[in-house]
Amino acid sequence: MGYDFYIQTADGKPAAGDENYFRIPWTAMPRTLDAMANFRMLVELPVPSFPSLSAYGLTDRDFQPDAQRDQATSNRIAEYRAAYQAVKDASEPQPAGIPSYKLTYNGGFLVALAEITAALSTYEAHPHVDIAEVPVGNPTWRHWVAFLRRAKKHGGLRAH
C-alpha cells in the first residue's frame, strides 16, 4: 500500500517514462506531509463533495457491465463522469499551496501546476531550505521535492 504519483503532460495525459512516476509508501507519507506542512507548502481546504448518482437519475446498477442502457441513460452516465472528473481536477484560482486532501487521499486528484508552483515558491523562500534536502532525517524528502520540481515543468501530477 502506498501513494502513487504520476506527472501529467500539459494536455492532461500521463507523461511517459519512469522518471515521471513516484511512489511513497503509506508509512512514509505522514512524514512527507508533515515536512510539507512545516514548510507551509500545504493549505487546508475542505474535501470537495462529489456529485451523487441520484442527482443524475442513476444507480449503481447503471454501471454494471451487464446493464442494459438506453441512450438517455448513457448520456446521464457521461454527464455524471464529467462532473465527477471536474471535482478531481478543480483547483483554486490563486492557490497558496497544495490542498492537503489532494495528497492525503489517493483518489486521482489533480495537483495543478499553479498549486505546485505556489508550494515550491513558499518552500524555496523558507529560511532553512538550504539544509532541507540534506540526506538525513526523511530519506524521501529530497526525492519528493525533485519530483515536484519535475512536475512543475510539465502539467502537474495526479495522486493515486
Side-chain angles (χ1 to χ4, degrees), residues 1-17 19-58 63 75-133 137-138 140-160:
M1 288 198 59
Y3 297 81
D4 297 308
F5 298 94
Y6 299 89
I7 291 176
Q8 66 177 33
T9 60
D11 62 357
K13 296 186 181 350
E19 69 277 8
N20 296 313
Y21 167 77
F22 194 81
R23 179 169 180 75
I24 300 179
W26 69 272
T27 56
M29 195 60 177
R31 283 191 311 267
T32 303
L33 292 172
D34 188 49
M36 291 182 80
N38 287 333
F39 284 110
R40 310 269 192 270
M41 297 171 75
L42 298 177
V43 294
E44 292 303 321
L45 296 174
V47 178
S49 297
F50 286 96
S52 67
L53 290 175
S54 62
Y56 290 84
L58 299 169
F63 291 86
N75 291 344
R76 289 194 314 276
I77 288 172
E79 291 169 5
Y80 171 79
R81 286 182 171 154
Y84 192 90
Q85 189 65 45
V87 171
K88 291 185 356 179
D89 292 352
S91 66
E92 296 289 311
Q94 299 287 322
I98 299 170
S100 61
Y101 72 83
K102 289 188 176 187
L103 300 178
T104 303
Y105 302 103
N106 51 2
F109 286 105
L110 171 65
V111 180
L113 197 56
E115 294 167 337
I116 295 169
T117 300
L120 287 172
S121 294
T122 302
Y123 170 67
E124 290 162 355
H126 194 279
H128 301 294
V129 72
D130 56 338
I131 62 167
E133 295 174 48
N138 183 348
T140 305
W141 182 250
R142 66 187 170 119
H143 301 292
W144 173 241
V145 171
F147 185 76
L148 289 175
R149 289 181 178 134
R150 180 177 215 30
K152 182 181 168 185
K153 294 178 184 176
H154 290 80
L157 61 90
R158 286 211 184 265
H160 291 281

Return the [atom1] to [atom2] distance between [X] and [Y], rounded to the nearest 0.5 Å.
| X | Y | atom1 | atom2 | value |
| --- | --- | --- | --- | --- |
| Met41 | Ile116 | CE | CD1 | 9.5 Å |
| Tyr80 | Ser52 | OH | OG | 7.5 Å |
| Glu124 | Arg149 | CD | CZ | 5.0 Å |
| Ile77 | Leu53 | CD1 | CG | 9.0 Å |

Mind listing the closest non-hydrogen atom pair of [X] and [Y] along with its distance?
| X | Y | value |
| --- | --- | --- |
| Ala96 | Thr122 | O-OG1, 4.1 Å |
| Leu58 | Arg76 | CD1-O, 3.8 Å |
| Pro51 | Val87 | CD-CG2, 4.0 Å |
| Pro99 | Glu115 | CD-OE2, 3.5 Å |
| Thr140 | Ala28 | OG1-CB, 4.2 Å |
| Pro30 | Trp26 | CD-O, 3.2 Å |

I want to check something: taking the side chain as every heavy atom from C-beta on, are [X] and [Y] in contact at a cut-off of under 4.5 Å?
| X | Y | answer |
| --- | --- | --- |
| Leu113 | His154 | no |
| Ser91 | Leu110 | no |
| Tyr21 | Pro14 | no |
| Met29 | Thr104 | no |

Check step by step if ring-ring contact (aromatic ring centres under 6.0 Å, His included) holds for His143 and Phe22. CA-CA 9 Å; His143 301 292; Phe22 194 81; 7.2 Å; no
side-chain contact (heavy atoms from CB on, under 4.5 Å) with Leu148: which of Ile7, Leu120, Thr117?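 Checked Ile7, Leu120, Thr117 against Leu148; only one passes side-chain contact (heavy atoms from CB on, under 4.5 Å): Leu120.
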Give me the one residue out of Asn106, Asp4, Asp89, Val111 that meets side-chain contact (heavy atoms from CB on, under 4.5 Å) with Arg158.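 Exactly one candidate clears the test, Asp89.
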Could you list the residues that satisfy salt bridge (charged side-chain N to carboxylate O under 4.0 Å, His left out) with Glu92, not counting sequence neighbours?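 In terms of salt bridge (charged side-chain N to carboxylate O under 4.0 Å, His left out), with neighbours along the sequence ignored, Glu92 is linked to no residue.
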For Glu79, enumerate each residue passing the salt bridge (charged side-chain N to carboxylate O under 4.0 Å, His left out) test, keeping only those at least two apart in sequence or located in another chain.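 Salt bridge (charged side-chain N to carboxylate O under 4.0 Å, His left out) check on Glu79 returns nothing, list empty.
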Does Arg23 CZ have over 12 foreign heavy atoms under 6.0 Å away?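 Yes, CZ of Arg23 has more than 12 neighbouring heavy atoms, counting only those of other groups under 6.0 Å.
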In terms of heavy-atom contacts, does CZ of Arg150 have more than 12 from other residues, nucleotides or ligands at under 6.0 Å?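 Enclosed.
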Specify whether [X] and [Y] have parallel, tilted or perpendicular ring planes, treating 30° as the upper limit for parallel and 60° as the lower limit for perpendicular.
| X | Y | result |
| --- | --- | --- |
| Tyr123 | Trp141 | perpendicular |
| Tyr3 | Phe5 | parallel |
| Phe147 | Trp144 | parallel |
| Phe50 | Phe109 | tilted |

